[in-house]
Amino acid sequence: MSKQVLIVDDSVSVRQMVEATLKSAGYIVTAAKDGLEALNICKARSFDFILTDQNMPNMDGLTFIKSTRELPAHLRTPIVVLTTEASDAMKAQGRAAGATGWMVKPFDPAKLLEIAKKVMG
Amino acid sequence: MSIDMQQFHAVFFEESQEHLEEMEQLLLALDIEAPDSEMLNSIFRAAHSIKGGSGIFGFDALGSVTHIMENLLDKIRKGQMAISSSMVDLFLRSVDQLKDILHSYRTNESIDWASVHQLTQQLELVTSGKNQQEADLEKKQGYGFFPKTESLPEDAYGFFDKPAADDSFGFFDDTVEADGFGFFGDLPAAVGQPAQSATESARAASAAVFGFFEELLEPGNTKNASENNPGAGIPAFSPHNIVEIKNLPDPPVTIPTASPVAVDSFEKTVSEKKDPEQKQPIPKQKPADHVSVESSSIRVDVAKVDQLINLVGEIVITQSMMSLLGKSLEGALAEKFQAVANELERNTREIQEAVMSIRMLPVSFVFNRFPRVVRDLSTKLGKQIELLIEGGETELDKGLTEKLVDPLTHLVRNSIDHGIESADVRRARGKNATGKVVLRAAQQGGNIVISIRDDGGGLNRERILAKARENNIPIGENPRDEDVWQLIFAPGFSTAAEVTDVSGRGVGMDVVKRNVQSLGGRIDIESRAGQGAIFTIHLPLTLAIVDGMGVAVGDQTFIVPLVHIVESMQPAAKDIKTLAGEDQLLHVRNEYWPILSLHKVMQLEPQFTDTSKGIVVLIETTKYRFALFVDALVGQQQVVIKSLEKHYKRVQGVAGATIMGDGSVALILDVESLALSVNQTAHLAIAV
């Protein structure tokens with residue numbers, strides 16, 4: 001069965017790019033435009049992998065992750081934060097929020113698939 | 001697998017353009033004394049989004065500028081740096097340049113790298129401007145930013161364990177221990193490494209990824225990673241404590257602004273961990289609206305909408321033909337037919353309104369550019385000016401809004417340059433030193449009225465008259481003020497005492513008037529010496545369809561736009577007064593209305609020449625009122641406006657033409673211009 005991926009990013013172009021890339025590899029992709037929308041989606045269903053941007057209006061990525069981790073269905077969902085800075089502080093925060101990993105922006109489609117494969121097998 | 005990145009470019013360009021517009025507006029709205037933190041966040045996010053996308057899609061020039069802007073904005077929003085008006089200036093200039101760069105990428109033009117570098121240098125300079133104080137502040141606050149890596153030599157990374165390691169992504173130890181994700185360890189090389197710039201990361205991203213995964217599985221690393229528990233903040237195991245001590249957070253520090261973006265200190269994150277709702281104020285600012293609008297709208301080519309409007313126009317004509325046909329039927333069937341025809345008419349009208357509304361845009365699309373225009377101009381001219389915008393939500397046909405930009409810009413510049421006096425002069429005249437310009441839009445019936453009002457010196461009657469004489473423009477004896485004001489619309493007319501940098505360089509008010517006229521509009525001026533001037537533009541709400549009353553003169557039918565009609569009547573002979581000459585007045589309820597005979601204006605052979613035999617239609621225009629004398633009323637109907645200019649030429653007193661239900665052509669009267677040909681002073685003489 002195809003794996004289900006949730007992509008959360010406020011930028012339409014980035015969202016489209018990630019979506020197209022993952023779809024091309026056979027994943028089923030759901031997209032959300034900010035943390036709040038993503039959280040509402042997560043309350044209703046589960047995913048095999050969640051990829052979220054950090055800087056977004058309404059609700060940022062880390063807050064979204066923290067809230068999502070409180071949902072029983074998402075205790076174990078791999079969640080990767082997209083960030084433009086891979087600083088210690090950022091990583092510590094990511095870890096504290098309950099993220100599984102991080103990925104630095106910019107990235108290319110190959111890198112994205114690499115990670116998706118690593119996470120979901 | 002290959003993904004064509006090009007397909008996302010158009011969306012990225014649109015999105016970036018919107019971010020830039022938003023940034024500009026927010027920057028202009030920002031109160032430098034007490035900047036709103038949510039506004040700063042929104043500006044930051046806009047720069048951040050552009051940077052993120054341009055990295056992915058390879059638009060380096062955009063990325064390099066927004067990257068530094070983002071750094072600077074980050075310092076400002078975290079209170080590490082105070083925003084100043086010169087910074088806002090720099091940001092605005094950056095926005096301008098980003099727009100240019102975006103345009104270059106869009107049109108595949110080459111990037112002006114020299115100016116990009118110049119700008120990035122300027123931004124860098126400002127960003128690093130208060131380095132020392134900042135370093136102290138960072139220490140006190142327990143967090144901070146590493147110097148930008150671009151300025152560091154490449155081998156600055158040699159300092160770390162595994163300089164070649166790919167830090168472009170990684171996995172944390174899972175916080176829920178025995179859940180099967182234990183094999184994701186932290187990456188030692190990642191810990192204690194300075195923040196990477198976008199370009200550095202891009203470089204790192206292209207490095208081999210497999211080395212990283214090997215490391216990941218090293219048991220020692222996993223152990224280290226698990227020791228690196230979140231509560232400890234910066235890990236102690238790293239051999240580079242010297243670097244890290246500098247960044248060790250002090251005990252909990254209050255962060256000045258409650259930023260919803262959690263890139264601040266670690267303590268903050270932890271202490272508020274259990275209270276995500278409180279930590280996450282939902283921004284009420286524009287960006288939120290902006291996003292929701294975006295997600296519920298689609299982009300459609302205007303040409304498609306126009307085609308739809310044209311087709312609806314045709315349906316309107318067909319429908320009116322059908323109604324006409326129905327009238328020639330008789331009996332029970334006719335009744336049924338009429339009921340159906342009425343239903344169709346209602347539906348047609350609704351379709352029409354719905355379709356027209358697709359093309360409608362709020363006037364704010366035009367108005368929003370003016371805070372910037374005013375800001376730039378007032379700085380340049382050294383005048384203090386406050387701009388007020390009212391009625392920005394008023395909707396106007398898209399075609400009209402776009403063509404309004406130039407005339408409005410000219411008028412606003414004109415008000416600021418010629419209207420508003422310098423602060424000294426204003427003080428001397430007992431006025432507030434800050435001049436006021438009010439830009440206002442409102443709907444009045446079937447018209448949109450846009451006015452530009454300033455509280456400056458007003459138009460100078462004597463100077464305009466002198467200038468008119470100089471230009472050999474014919475003027476009557478002791479002309480009325482309104483006529484004098486209209487003189488400034490004459491080609492090549494400029495009364496500015498001296499030609500300034502801002503206006504008065506030949507592109508005159510005549511162009512403004514022509515532009516407005518080409519939109520089917522009219523421009524009026526009111527002025528009071530010493531108190532200011534009001535320029536008012538009247539525009540039709542839409543260019544395509546009008547509710548009209550058919551009136552007959554001889555064998556011709558004309559359409560009078562319904563919005564202007566007060567009432568129609570057959571006048572009694574006793575109510576008609578004839579003045580010296582041929583002017584006639586109609587006495588209605590204690591008021592006198594000048595009578596205009598349509599057959600005279602159109603030079604037709606009428607059925608009646610005696611006013612009391614025909615019909616008068618009382619018409620009220622935005623400024624004047626008059627009674628239009630015609631032979632008969634034909635009936636009320638909706639008509640599709642077809643341009644007469646396009647197919648024939650501009651005719652005085654005619655706004656356009658339409659095709660009637662029976663296939664004949666009827667002219668649509670332009671009552672505003674007809675009103676001007678009426679002797680407006682005659683009735684005043686009697687009425688007073």
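Naming convention: chains lettered A, B, ... in sequence-line order (proteins, then strands); numbering from 1 in each chain. Predicted, not measured: the structure shown is a model, and the values here were computed from it.
In terms of heavy-atom proximity, B:Gly55 sits nearest to A:Pro106 at C-CB, 3.2 Å. Across all their heavy atoms, A:Val14 and B:Gly53 have their closest contact at CG2-CA, 4.2 Å. When every heavy atom of A:Met56 is checked against every heavy atom of B:Arg45, the shortest pair comes out as C-CD, 3.5 Å.
Here CZ of A:Arg15 is found 8.0 Å from CD of B:Glu15. Values are rounded to the nearest 0.5 Å. From A:Ser11, atom OG reaches atom NE2 of B:His48 across 10.0 Å, with rounding to the nearest 0.5 Å. To the nearest 0.5 angstrom, A:Asp9 atom CG is 7.0 Å from B:Ile56 atom CD1. The line from CD of B:Gln7 to CD of A:Gln16 is 8.0 Å long, rounded to the nearest 0.5 Å.
Using a 4.5 Å cut-off between heavy atoms, B:Glu70 touches chain A through its side chain atoms alone.
Among residues two or more places apart in sequence or in another chain, the ring pair (Phe, Tyr, Trp, His ring centres under 6.0 Å) test is passed with B:Phe12 by B:Phe57, B:Phe59. Residues satisfying the side chain to side chain contact (heavy atoms under 4.5 Å, CB included) criterion with A:Leu71, sequence neighbours excluded, are A:Leu39, A:Cys42, A:Lys43, A:Thr68, A:His74.
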